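Comments concern the structure below.
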Amino acid sequence: MKIKKMVFTAIFIALCFVATSIIKIPIPVGWGYVHLGDSVVMLAGMLLGPVYGAIAGGLGSTLADFAGGFAHYMLPTFIIKGTLALSAGLIFKRMVAASKKKENTLVVIHFIAAVVIVTGGYFVSELIMAKLLIVDAEGSSALAYAAFGLPWNTLQALFGAVGSLILYYPLKKPFQNIYED
């Protein structure tokens, strides 16, 4: 069973990379892009469990940053996406054992956790990077720089949470024996 988990972890690393780096929609103002990668990151946590999902989500997304020319985001991405997959895995581990009534509450918690982790994580990392790297960005402050990403990162997190749920339900049955104990 451990070999199966390792193989599926590697597959999800590749899926996260592809969904993040190939399938992307550029943000019309500013920088960055919205992508399908967060859906796969959360799906990895939901299907592989918190630990293997965190490894897959963190590594796949980090590799996409490296390949896409965003190397300065590699460490924050690894931490944020790994935490995102870990969170999704823990929430859906509880969901498997929950009643139908509690399942709806856990889905709402999944959305809230995704927004807090992605939006908060990138806000903090961009604030730190802005304080360290930006001398004078046309008079803007580090806080303004970090705040600019808030709506886009929130959109990314919500988009990812919806996508992960759409993909989760048809795939949960085939993956039920792979899930961590």
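Source: prediction; values computed, not measured.
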Heavy-atom pair of closest approach, residues [X] and [Y]:
{"X": "His72", "Y": "Gly69", "answer": "CE1-O, 4.4 Å"}
{"X": "Ala64", "Y": "Ser21", "answer": "CB-CB, 4.1 Å"}
{"X": "Cys16", "Y": "Ala56", "answer": "SG-O, 3.9 Å"}

Can you tell me how far the [atom1] atom of [X] sits from the [atom2] atom of [Y], to the nearest 0.5 Å?
{"X": "Lys2", "Y": "Thr9", "atom1": "NZ", "atom2": "OG1", "answer": "9.5 Å"}
{"X": "Phe159", "Y": "Ser164", "atom1": "CZ", "atom2": "OG", "answer": "11.0 Å"}
{"X": "Met6", "Y": "Ile55", "atom1": "CE", "atom2": "CD1", "answer": "10.0 Å"}
{"X": "Leu143", "Y": "Glu126", "atom1": "CG", "atom2": "CD", "answer": "11.5 Å"}
{"X": "Ser87", "Y": "Ile109", "atom1": "OG", "atom2": "CD1", "answer": "9.5 Å"}
{"X": "Ser61", "Y": "Ile13", "atom1": "OG", "atom2": "CD1", "answer": "10.0 Å"}

Measure from the side-chain N and O atoms of [X] to the backbone N and O of [Y], and report whether any donor-acceptor pair falls under 3.5 Å.
{"X": "Thr83", "Y": "Ile79", "value": "yes"}
{"X": "Thr77", "Y": "Met74", "value": "no"}
{"X": "Gln156", "Y": "His35", "value": "yes"}

Membership question, hydrophobic clusters at under 4.5 Å side-chain separation (ILVMFWY): are Phe66 and Phe17 in the same one?
no
4.5 Å side-chain heavy-atom contact, [X] and [Y]:
{"X": "Leu59", "Y": "Phe78", "answer": "yes"}
{"X": "Tyr122", "Y": "Trp152", "answer": "no"}
{"X": "Asp38", "Y": "Lys81", "answer": "yes"}
{"X": "Leu165", "Y": "Phe92", "answer": "yes"}
{"X": "Phe175", "Y": "Leu48", "answer": "yes"}
{"X": "His110", "Y": "Met42", "answer": "yes"}

Would you please indicate if the ring centroids of Phe12 and Tyr52 are separated by under 6.0 Å?
no
Show me the donor-acceptor pairs within less than 3.5 Å that the side chains of residues 111-121 make with the rest of the protein, sequence neighbours left out.
from	atom 1	to	atom 2	distance (Å)
Thr119	OG1	Val115	O	3.0
Thr119	OG1	Thr154	N	3.3
Thr119	OG1	Thr154	OG1	3.2

